[in-house]
Amino acid sequence: MLDGIRGWIDQKLNGTDQFHDKSHLPAPKIPAGQHLEDLRFIVLDLETTGLDSSKDEVIAIGAVAIDGLEIPLRDQFDLILRRPELDIRETVLIHGIGSEALIHGHETEDALLHLLEWMNGDPILAFHSAFDRKFLQKSLRKHLGYTQTHTWLDVAELMPAFFPDALQGNKRLDNWADHFGLEISARHHAAADAMATAELTLIAFQRALNLKITTLEALDEKLRYYRKLRTMRRM
């Protein structure tokens, strides 16, 4: 199965019949009253050379789609960028991406063009989305001159908003995955973390539907209320 997915990605990335026009990339969609079941979401995870978006760089992109409240196995994105010039000595033990992998990775501009085409302007989710958002926006601006703003949701907010009593103490991706009995096949591997995040998202979406929260607008309102409540508790 994984070999088939990788082969499909390679075909998309290296196919000679592909032509990419930077000026005609899909525009970000602005979801309004659509039902959650009718939307396609992109669940994204990035591996980087560090935590500082002002100086560190993206080296791997993993993403899966949620479409019709399901995770289609063939609707995924998983690759390492070709960045042999980067110093990964401080982070290689975390993400396991070494110099050899960066030498044979995909060209950054081409990979980002394919990512934008594949995302098709759909809303993006990530665990602690501010981190991924900063790095992705920086890479798109630097390598493609792309500055359009997508809709983002933070799964690290989504989970406690719908399961406020589920965990005590740390509420990292691993903690939520353990709580719901999910397996992360390779922690700090972008595609594996994206899959775990997508599975958690579906759990939260199902709780939302049970509470009659059926649209992205209503979901965003729930998250705004959660943030307000969290701020009040800290005061």
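These numbers were taken from a predicted model, which means no experiment stands behind them. Numbers for residues simply follow the sequence, beginning at 1.
- Tested against P123 for a side-chain contact (heavy atoms from CB on, under 4.5 Å), the candidates L153, L216, I66 yield a single pass: L216.
- Between L39 and D67 there is no side-chain heavy-atom pair separated by less than 4.5 Å.
- For an aromatic pair to be called close, the ring centres must be under 6.0 Å apart, and F162 with Y226 fails this.
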- [ ] Using the side-chain contact (heavy atoms from CB on, under 4.5 Å) rule, take L125 and I42 through it: C-alpha gap first, then chi angles, then the decisive distance, then the call.
- [x] CA-CA 6 Å; L125 299 107; I42 302 301; over 6 Å; no
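- Here the closest non-hydrogen pair linking M159 and A204 is SD-CB, 3.9 Å.
- The shortest distance between side-chain heavy atoms of H106 and R82 does not fall below 4.5 Å.
- Note that CG of N170 and CZ of R172 are 4.5 Å apart. Values are rounded to the nearest 0.5 Å.
- Comment: K222 does not engage E217 in a salt bridge, judged by the lack of any side-chain N to carboxylate O separation of less than 4.0 angstrom.
- Two residues are said to be in side-chain contact when any heavy atoms from C-beta on lie closer than 4.5 Å; T201 and L158 meet this criterion.
- Here the closest non-hydrogen pair linking P26 and L116 is CG-O, 3.9 Å.
- Here the straight-line distance linking atom CG of L79 with atom CG of L112 works out to 8.5 Å at 0.5 Å rounding.
- The line from CD of E199 to CD1 of I184 is 9.0 Å long, rounded to the nearest 0.5 Å.
- Contact annotation: the side chain of H189 approaches that of D78 to within less than 4.5 Å [non-hydrogen atoms, C-beta and beyond].
- By the rule that hydrophobic residues join a cluster once side-chain heavy atoms approach within less than 4.5 Å of another member, I30 and W152 end up as members of separate clusters.
- Residue L182 holds its CG atom at 5.0 Å from CD1 of I203, rounded to the nearest 0.5 Å.
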TODO: Could you give me the CA-CA distance, side-chain angles and deciding distance for Q137 and R133, then say whether side-chain contact (heavy atoms from CB on, under 4.5 Å) is met?
DONE: CA-CA 6 Å; Q137 288 178 337; R133 183 175 187 170; 3.3 Å; yes
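- Taking all atoms of both residues into account, the shortest heavy-atom contact from H150 to Y146 is CE1-OH, 3.1 Å.
- Sparse packing is recorded around CD of E221, with 12 or fewer heavy atoms of other residues, nucleotides or ligands lying under 6.0 Å away.
- Contact annotation: the side chain of E57 never approaches that of T48 to less than 4.5 Å [non-hydrogen atoms, C-beta and beyond].
- Contact between V64 and A198 at its shortest, heavy atoms only, is CG2-CB, 3.4 Å.
- When all heavy atoms of A166 and W176 are compared, the pair lying nearest together is CB-CZ3, 3.5 Å.
- Annotation: side chain of I80 is not in contact with side chain of E47 (no heavy-atom distance under 4.5 Å).
- Partner L44 forms a side-chain contact (heavy atoms from CB on, under 4.5 Å) with one of D193, I124, T197 and no other, that one being I124.
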TODO: Please lay out, stage by stage, how K171 and E157 fare under the test salt bridge (charged side-chain N to carboxylate O under 4.0 Å, His left out).
DONE: CA-CA 10 Å; K171 296 185 178 182; E157 291 183 338; over 6 Å; no
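- To the nearest 0.5 Å, atoms CG (L115) and CZ (F77) are separated by 4.5 Å.
- Between atom NZ of residue K138 and atom CG of residue D56 there is a gap of 7.0 Å, rounded to the nearest 0.5 Å.
- Residues Y225 and I213 do not share a hydrophobic cluster, defined by chaining ILVMFWY side chains whose heavy atoms lie under 4.5 Å apart.
- A donor-acceptor pair under 3.5 Å is absent between the side-chain atoms of N120 and the main chain of D122, judged by distance alone.
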Task: Test side-chain contact (heavy atoms from CB on, under 4.5 Å) applied to L113 and L144, step by step - done: CA-CA 8 Å; L113 283 169; L144 301 180; 3.9 Å; yes
Open item on the list: Could you walk me through whether D220 and R224 satisfy the side-chain contact (heavy atoms from CB on, under 4.5 Å) test, starting with their C-alpha distance in whole Å, then the side-chain angles of each, then the deciding distance to 0.1 Å, before giving a yes or no?
Closed with: CA-CA 6 Å; D220 187 56; R224 287 199 302 269; 2.4 Å; yes
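- Of the options I61, L46, L51, T49, a side-chain contact (heavy atoms from CB on, under 4.5 Å) to F135 is made by L46 and by none of the others.
- Few gaps surround CD on Q34; more than 12 heavy atoms of other groups in view lie less than 6.0 Å from it.
- Under the 4.5 Å side-chain heavy-atom criterion for grouping Ile, Leu, Val, Met, Phe, Trp and Tyr, L229 is not connected to L167 through any hydrophobic cluster.
- Between L25 and E117, the shortest heavy-atom distance links the atoms CD2-CG, 3.9 Å.
- For the pair R74 and W118, the NZ or CZ position fails the cation-pi test of under 6.0 Å to the six-membered ring centre and within 45 degrees of the ring normal.
- Side-chain contact between D75 and R40 is present, with at least one heavy-atom pair separated by less than 4.5 Å.
- Checking each of I103, T108, V58 against R83 for a side-chain contact (heavy atoms from CB on, under 4.5 Å) leaves exactly one that passes, namely T108.
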